[in-house]
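This report refers to the structure that appears directly beneath it.
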Protein chains: 2
Amino acid sequence: MAGQPQAHYTPGQAQHLSPTLPSLPVAATLTSAKNRILRRKEHLFHAGEPLSHPYRVMAGVFKSYVVYEDGSEQVLGFHLPGDLIGFDAMVGRTTFCAVMALDTASVRQLTTAELASLYCKGGESEQSPSHCSAAEVSDSHLHSPVIHSMYDEILRLTRLLHMERGCSTTSRLASFLLEYAEGQSRRGGSRLTLHLPMKRRDLAGYLGLATETLSRAFSQFRDQGLLAVNTSDIEILNLAGLEAIAAMGPAASLHSQRNSE
Amino acid sequence: MAGQPQAHYTPGQAQHLSPTLPSLPVAATLTSAKNRILRRKEHLFHAGEPLSHPYRVMAGVFKSYVVYEDGSEQVLGFHLPGDLIGFDAMVGRTTFCAVMALDTASVRQLTTAELASLYCKGGESEQSPSHCSAAEVSDSHLHSPVIHSMYDEILRLTRLLHMERGCSTTSRLASFLLEYAEGQSRRGGSRLTLHLPMKRRDLAGYLGLATETLSRAFSQFRDQGLLAVNTSDIEILNLAGLEAIAAMGPAASLHSQRNSE
DNA sequence: CGAAACATTGATAAACATCAACACTGGTGG
DNA sequence: CCACCAGTGTTGATGTTTATCAATGTTTCG
């Protein structure tokens with residue numbers, strides 16, 4: 001269904017916006033930083049909206065997703081404090097995915113100056129952003145956080161793809177939990193106590209599972225003593241065990257009764 | 001199938017930049033275009049190799065793939081003549097995936113000038129690129145073919161992901177064939193006669209299937225009169241039928257006997 | 001020619017989705 | 001405050017898709 005040639009709005013139409021751009025007046029400069037607070041289920045933006053400056057998540061968690069013609073929803077990722085939102089979505093100045101707050105959250109839209117600084121600060125030695133030679137092109141541009149942000153996204157999607165193919169339900173969930181825990185601890189949070197503000201439905205969508213299957217996987221981890229589960233609050237009781245399952249790939253099914261300790 | 005060949009570069013623009021070319025601290029400048037011919041199974045590069053300049057496919061077909069620690073291989077895409085290879089792989093100057101020729105093929109490595117031209121050509125009315133104000137930053141950079149190349153890759157992976165989740169074997173294969181046919185015809189080839197130089201194993205890997213399942217899907221299409229199949233040469237006999245199956249999503253299984261006409 | 005890689009077909013079973021029933025939660029209004 | 005309701009999460013039973021195992025036919029290439 002994805003390969004749809006020319007149906008509706010498939011997020012694959014990037015070609016249209018490449019060579020001949022309407023002479024967009026350069027993005028409105030944004031001089032004062034704008035903060036914005038969102039409630040649960042409130043959208044930061046929808047798909048197809050213009051977006052001149054990206055956001056940085058200050059608090060809370062967001063999910064980004066695409067809705068296809070048939071109504072099915074593809075969850076692309078979750079965004080925690082510190083993450084940039086909108087870089088990969090704003091090519092052509094129009095977002096291709098929607099972003100929604102999962103609980104009360106706040107963002108800060110980057111000012112033009114901050115944006116410029118991000119663009120030009122990639123190179124280690126900070127040259128002034130006021131010249132743009134061909135030489136730099138293959139250097140600072142490639143190393144700019146913008147490129148890296150998109151590059152990381154490609155890597156993440158590649159891994160997600162690989163995981164969906166080779167890995168069982170349980171190792172997918174284990175991987176996600178470990179990654180999430182890692183992200184939390186990088187931000188100064190706890191490494192073993194997770195708060196998952198997304199609904200089971202969203203998490204299942206992200207992992208490519210039915211909600212029932214996801215629920216069963218949680219229950220299995222609970223029964224095996226790996227996790228303490230309380231809907232959106234998870235405690236990791238056996239980190240090594242989880243890591244073993246995450247690494248196990250396709251071998252670890254819901255039915256194989258091989259108790260890893 | 002990755003980088004769209006949307007931009008046929010025009011070498012004229014390179015002159016704008018030449019004045020500042022010398023200050024290249026990094027990548028060796030590449031002044032003369034290098035062509036290279038590869039045989040079947042020969043690698044253009046492996047993962048982890050340094051790569052200063054991307055390639056353009058001139059003839060033949062390539063596959064890009066990643067090999068994971070456990071030895072499993074993830075096919076990321078196939079690259080047809082006109083495609084750029086290495087843009088998304090060369091961030092940080094080191095490739096993250098390997099690229100292999102599937103049959104006799106040739107590439108042309110972009111020169112520094114061509115690369116620069118690609119980078120700066122995004123904006124329509126190009127003012128001299130020798131200043132890089134914050135305003136331009138959010139304009140020409142975002143519209144550069146480099147960003148677009150990576151952006152397209154993200155969209156392609158997103159679609160692939162969505163397809164793997166929601167779509168049955170048959171609709172995945174149908175989508176792929178249609179997309180491939182479309183790509184061939186864009187390049188001036190036939191729209192209904194496909195040559196698939198990749199092995200079943202690679203195609204199955206790309207689509208996330210077992211080779212047996214893929215083979216069965218081909219057989220089913222043959223039995224239904226949709227395709228004439230001769231291993232690597234495919235003829236589309238019923239385009240509308242294929243499109244119907246591609247659009248059908250998860251409903252189209254190998255077992256459901258609903259003959260679409 | 002012969003061996004190895006590849007492709008196809010069949011039988012079986014595993015993993016997961018789906019359907020269905022039920023429990024829990026949180027918010028609303030009586 | 002309680003009853004109610006809708007949304008959500010869990011658990012069980014069943015069905016289907018597709019991976020896996022196995023066998024055979026086919027192509028490729030030394």
Side-chain angles (χ1 to χ4, degrees), chain A residues 39-41 63 72-73 102-104 163-174 196-223 227-234 245 248-258, chain B residues 39-42 63 72-73 102-104 163-174 195-223 227-234 245 248-258:
Chain A
R39 305 232 177 125
R40 220 164 94 82
K41 300 199 179 183
K63 78 163 176 179
S72 68
E73 181 179 309
L102 293 171
D103 47 12
T104 302
M163 215 168 61
E164 296 238 344
R165 289 170 170 180
C167 297
S168 64
T169 293
T170 48
S171 60
R172 268 184 262 184
L173 177 56
L196 302 178
M198 68 289 286
K199 299 289 180 197
R200 289 284 190 269
R201 183 169 177 276
D202 290 328
L203 184 50
Y206 178 68
L207 296 175
L209 301 170
T211 63
E212 296 96 326
T213 307
L214 178 62
S215 184
R216 275 181 248 272
F218 270 119
S219 300
Q220 185 197 336
F221 285 169
R222 168 172 45 70
D223 294 345
L227 298 179
V229 181
N230 192 342
T231 308
S232 41
D233 290 294
I234 310 285
I245 289 185
M248 200 154 12
S253 74
L254 283 173
H255 295 98
S256 37
Q257 298 296 1
R258 311 172 61 245
Chain B
R39 306 237 176 119
R40 219 164 96 79
K41 300 201 178 184
E42 205 175 337
K63 77 163 178 179
S72 67
E73 183 181 308
L102 292 172
D103 47 12
T104 302
M163 211 169 65
E164 296 236 345
R165 288 171 170 180
C167 298
S168 65
T169 294
T170 48
S171 60
R172 267 184 263 185
L173 177 57
H195 179 68
L196 302 179
M198 68 289 286
K199 297 291 180 195
R200 290 284 189 269
R201 185 170 176 275
D202 289 328
L203 184 49
Y206 177 68
L207 296 175
L209 302 169
T211 63
E212 296 96 326
T213 307
L214 178 62
S215 184
R216 274 182 250 271
F218 270 119
S219 301
Q220 185 197 333
F221 285 169
R222 168 173 46 70
D223 294 346
L227 298 180
V229 181
N230 193 344
T231 308
S232 42
D233 289 295
I234 310 284
I245 289 184
M248 200 155 10
S253 74
L254 282 174
H255 293 99
S256 39
Q257 297 296 1
R258 309 172 61 243

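Chain letters run A, B, ... following the sequence lines, proteins first and then strands; every chain starts at 1.
- Comparing atom distances between the B:Lys41 side chain and each of C:dA7, C:dC6, D:dT10 picks out C:dC6 as nearest.
- Of the candidate nucleotides D:dT10, C:dA17, C:dT8, C:dA17 has the atom nearest to the side chain of A:Leu209.
- Side-chain atoms of B:Ser215 do not come within 3.5 Å of backbone N or O of B:Thr211 as any donor-acceptor pair.
- Rounding to whole angstrom units, CG of residue B:Asp223 and C1' of C:dT9 are separated by 11 Å.
- Computed from coordinates, the B:Gln220 CD to D:dT18 P distance equals 10 Å when rounded to whole Å.
- Between A:Phe221 and A:Thr170, the closest heavy-atom pair is CZ-O, 3.4 Å.
- The side chain of B:Thr169 approaches D:dT18 more closely than any other nucleotide in the set D:dA19, D:dT10, D:dT18.
- The interatomic distance linking B:Arg201 (CZ) with D:dA19 (P) rounds to 15 Å, in whole Å.
- Side-chain N/O atoms of A:Arg216 and A:Thr213 include no donor and acceptor closer than 3.5 Å.
- For A:Leu203 and D:dT10, the CG to P distance is 11 Å, given to the nearest whole Å.
- Per the geometry, CD1 belonging to B:Ile245 stands 14 Å off P belonging to D:dT17, to the nearest Å.
- Atom NE2 of B:His195 is separated from atom CG of B:Asp233 by 5.5 Å, given to the nearest 0.5 angstrom.
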With the criterion being N/O to N/O and under 3.5 Å, what pairs connect the protein with nucleotides 11-13 of chain D, and how long is each?
from	atom 1	to	atom 2	distance (Å)
D:dT11	OP1	A:Arg222	NH2	3.0
D:dT11	OP2	A:Ser219	OG	2.1
D:dT11	OP2	A:Arg222	NH2	3.2
D:dG12	N7	A:Arg216	NH1	2.9
D:dG12	O6	A:Arg216	NH2	3.1
D:dA13	N6	A:Arg216	NH2	3.4

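- If you take CG of A:Leu227 and P of D:dT10, they are 12 Å apart, rounded to a whole angstrom.
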Can I get a per-line list of side-chain donor-acceptor pairs under 3.5 Å for residues 198-206 of chain A, giving both atom names and the distance, sequence neighbours left out?
from	atom 1	to	atom 2	distance (Å)
A:Arg200	NH1	A:Thr231	O	3.0
A:Arg200	NH2	A:Thr231	O	2.9
A:Asp202	OD1	A:Lys63	NZ	2.7
A:Tyr206	OH	A:Arg156	NH1	2.7

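- With B:Arg172 contributing its side chain and B:Leu207 its backbone, the two residues share a donor-acceptor pair below 3.5 Å.
- Distance SG/B:Cys167 to CG/B:Leu173: 12.0 Å, rounded to 0.5 Å.
- The side chain of A:Ala210 lies closest to C:dA17, out of D:dT18, C:dT8, C:dA17.
- Here the OG1-CG distance, from B:Thr169 to B:Leu209, works out to 4.5 Å after rounding to the nearest 0.5 Å.
- In this structure, A:Asp233 places its CG atom 17 Å from P of D:dT8, rounding to the nearest Å.
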Contact letters for nucleotides 24-30 of chain D, in which S counts primed atoms plus P, OP1 and OP2 and B counts the base, heavy atoms under 4.0 Å: -----S-
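- Taking both residues in full, the closest heavy atoms of A:Ile245 and A:Ser171 are given as O-CB, 2.9 Å, listed atom of the first, atom of the second, then distance.
- Going from atom CG of B:Leu214 over to atom C1' of D:dT20 covers 16 Å, rounded to whole Å.
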